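Treat the numbers as computed from the prediction; the structure is a model and nothing was measured.
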Amino acid sequence: MLGPVILAASRSDKMRRFVSAAPGTKQVVGRFIAGETVEQVVPIVKDTVGKGLELTLDVVGEDITTREQATAARDAYLELIEHLAGLGLGTRAEMSVKLSMFGQALEGGHELALANVRPVVEAAAAIGTTVTLDAEDHTTLDSMFAIHEELRKDFPQTGCVIQAYLFRTEDDARRLAAAGCRVRIVKGAYNEPATVAYQDKAETDKAYVRILKILMDGDGYPMIGSHDPRLIAVSQELARRAGRKLDEYEFQMLYGIRSDEHVRLAAEGHRMRVYTAYGTDWYGYFMRRLAEKPANLLFFLRSLITRG
């Protein structure tokens, strides 16, 4: 029951100010956010790759209200790509983007987001890597999928994300798997109504397995976004049944969560990619991490009390 409350708080300016000013916030946020600048995140990229892991990098920030902010978001990713170019990591360091950052919610937002994200995808391809379009709330998905389809005409490795708790996702998965897409499947972290999404965790988990089977049996490249040990085991079994080799799918987990599991899966020969967020506008991302798992919220509250 806490999840929807926390997600509502993620849109509150008053809560943003309170959480940002709390004595222990910065240290706790550092568990989930790799840094505020690209200069701070580059050493983490090097260290992560040195452990046999891969990354997808997210410059956090979603509350875009002007075209100038959308342009700045584009430029932040282009700056990141400039730094990655010198590391020569190829697809070991890809990027994840939220189209809301590129102006999707503004007037003419679909065309604006496409115009802003295309140079990022082009620049990523030029250094041998890729971009994945993150899923946001259900009202944005038709636009996201249309932009994904458009980008794949020139950059077929462009990935996208689907969310297991949405009723529509099994149909989306079939379409994407048949098209040979790179697809990350996650449970979902937005406060969606009962008209479009499962409200029960058990139902979401069942849907996750059904959708994952579609992806594993299809022609695309599944990316399993989960920290759930049971779903990880199910993923391995479904991959085995589908005859997939270890390099024909990958696991993805968040920076700062179950880090030992990251290393274990990589040591077993799996591709293991760490979703690594950084930037100054961390609040919305951070609150969704708290909403996803009660243990994260308890960790945060204990830290505030201790440091308060």
Q104 side chain to S143 main-chain N or O, any donor-acceptor pair under 3.5 Å? no
Would you say M95 ends up clustered with Y221 if hydrophobic residues are merged whenever their side chains have heavy atoms under 4.5 Å apart, either directly or through other cluster members? no
Hey, is the main chain of A93 close enough, under 3.5 Å, to the side chain of T129 for a donor-acceptor pair? yes
Answer yes or no: is there a donor N or O on one side and an acceptor on the other, between the side chain of S226 and the main chain of L231, under 3.5 Å? no
Would E250 and R273 pass as an ion pair if we require N to O under 4.0 Å? yes
Who pairs with T65 by side-chain hydrogen bond (donor to acceptor under 3.5 Å, both in side chains), at least two apart in sequence or on another chain? Q69
Tell me the ring pair (Phe, Tyr, Trp, His ring centres under 6.0 Å) pairs involving residues 124-150, sequence neighbours left out? none
R174 and D171 ion-paired at < 4.0 Å: yes
Could you walk me through whether V161 and V186 pass side chain to side chain contact (heavy atoms under 4.5 Å, CB included), step by step? CA-CA 7 Å; V161 177; V186 299; 3.9 Å; yes
Spell out, as yes or no, whether a donor-acceptor pair under 3.5 Å connects the side chain of Q199 to the backbone of A197. yes
Shortest non-hydrogen contact from C160 to M144? CB-SD, 4.0 Å
Given 3.5 Å as the limit, does a donor-acceptor pair link the side chain of D137 with the main chain of Y190, or not? no
Restricting to non-hydrogen atoms, name the atom on I127 and the atom on A85 that form the minimum distance, rounded to 0.1 Å. CG2-CB, 3.7 Å
Any side chain to side chain donor-acceptor pair (under 3.5 Å) pairs touching residues 206-220, not counting sequence neighbours? E170-R210, Y198-R210, K213-D217
Please name the residue in the list I162, V196, D142 that meets the side-chain contact (heavy atoms from CB on, under 4.5 Å) test with R168. D142
Under the side chain to side chain donor-acceptor pair (under 3.5 Å) definition, can you give me all pairs with a residue in residues 72-84, not counting sequence neighbours? D58-Y77
Which residues satisfy the side-chain hydrogen bond (donor to acceptor under 3.5 Å, both in side chains) test with K46, sequence neighbours excluded? none
Take M223 and Y249, measure what side chain to side chain contact (heavy atoms under 4.5 Å, CB included) needs, and give me the verdict at the end. CA-CA 6 Å; M223 301 180 285; Y249 64 98; over 6 Å; no
Minimum heavy-atom separation for A76 and V59, please, with both atom names. CB-CG1, 4.1 Å
Residue pairs passing the salt bridge (charged side-chain N to carboxylate O under 4.0 Å, His left out) test where at least one lies in residues 221-231, sequence neighbours excluded: K187-D228, D205-R230
Would you please test V274 and L254 for side chain to side chain contact (heavy atoms under 4.5 Å, CB included) and show each step? CA-CA 6 Å; V274 184; L254 296 172; over 6 Å; no
Between A34 and V41, the two heavy atoms sitting closest are CB-CG2, 3.8 Å
Straight-line distance of R67 CZ to L112 CG, nearest 0.5 Å: 4.5 Å
Could you name each residue pair satisfying side chain to side chain donor-acceptor pair (under 3.5 Å) that touches residues 84-96, not counting sequence neighbours? T56-E94, T56-S96, E94-T130, E94-T132, E94-R182, S96-R184
Identify, with sequence neighbours excluded, every residue that meets salt bridge (charged side-chain N to carboxylate O under 4.0 Å, His left out) alongside R175. D172
According to side-chain hydrogen bond (donor to acceptor under 3.5 Å, both in side chains), who are the partners of K153, at least two apart in sequence or on a separate chain? E150
Is a side-chain N or O of R244 found less than 3.5 angstrom from the main chain of M216, in a donor-acceptor match? yes
Nearest-0.5 Å distance, CE of residue M272 to NE2 of residue H262: 4.5 Å
Thinking salt bridges, do E261 and R264 make one under a 4.0 Å N-O criterion? yes
Restricting to pairs with a member in residues 234-243, which pass side chain to side chain donor-acceptor pair (under 3.5 Å), not counting sequence neighbours? Q236-H270, E237-R240, E237-R241
Is it true that atom CD of E39 has more than 12 heavy atoms of other residues, nucleotides or ligands lying nearer than 6.0 Å? yes
How about E122: does its CD atom have over 12 heavy atoms from other parts shown lying under 6.0 Å from it? yes
Which value, rounded to the nearest 0.5 Å, describes the distance between L57 atom CG and T276 atom OG1? 5.5 Å
Rounded to the nearest 0.5 Å, what separates atom OH in Y255 from atom CD1 in I44? 4.0 Å
Grouping I, L, V, M, F, W and Y whenever their side-chain heavy atoms are under 4.5 Å apart, do L53 and L246 come out in a common cluster? yes
With ILVMFWY side chains joined below 4.5 Å, transitively, what does I214's cluster contain besides itself? none
Is it the case that the side chains of S100 and E136 hold a donor-acceptor pair, with the cut-off being a distance below 3.5 Å and no angle test? yes
Evaluation steps, side chain to side chain contact (heavy atoms under 4.5 Å, CB included), between F251 and R271: CA-CA 6 Å; F251 292 100; R271 295 190 71 182; over 6 Å; no
Looking at residues at least two apart in the chain, or sitting in another chain, which of them share a side-chain hydrogen bond (donor to acceptor under 3.5 Å, both in side chains) with D200? none
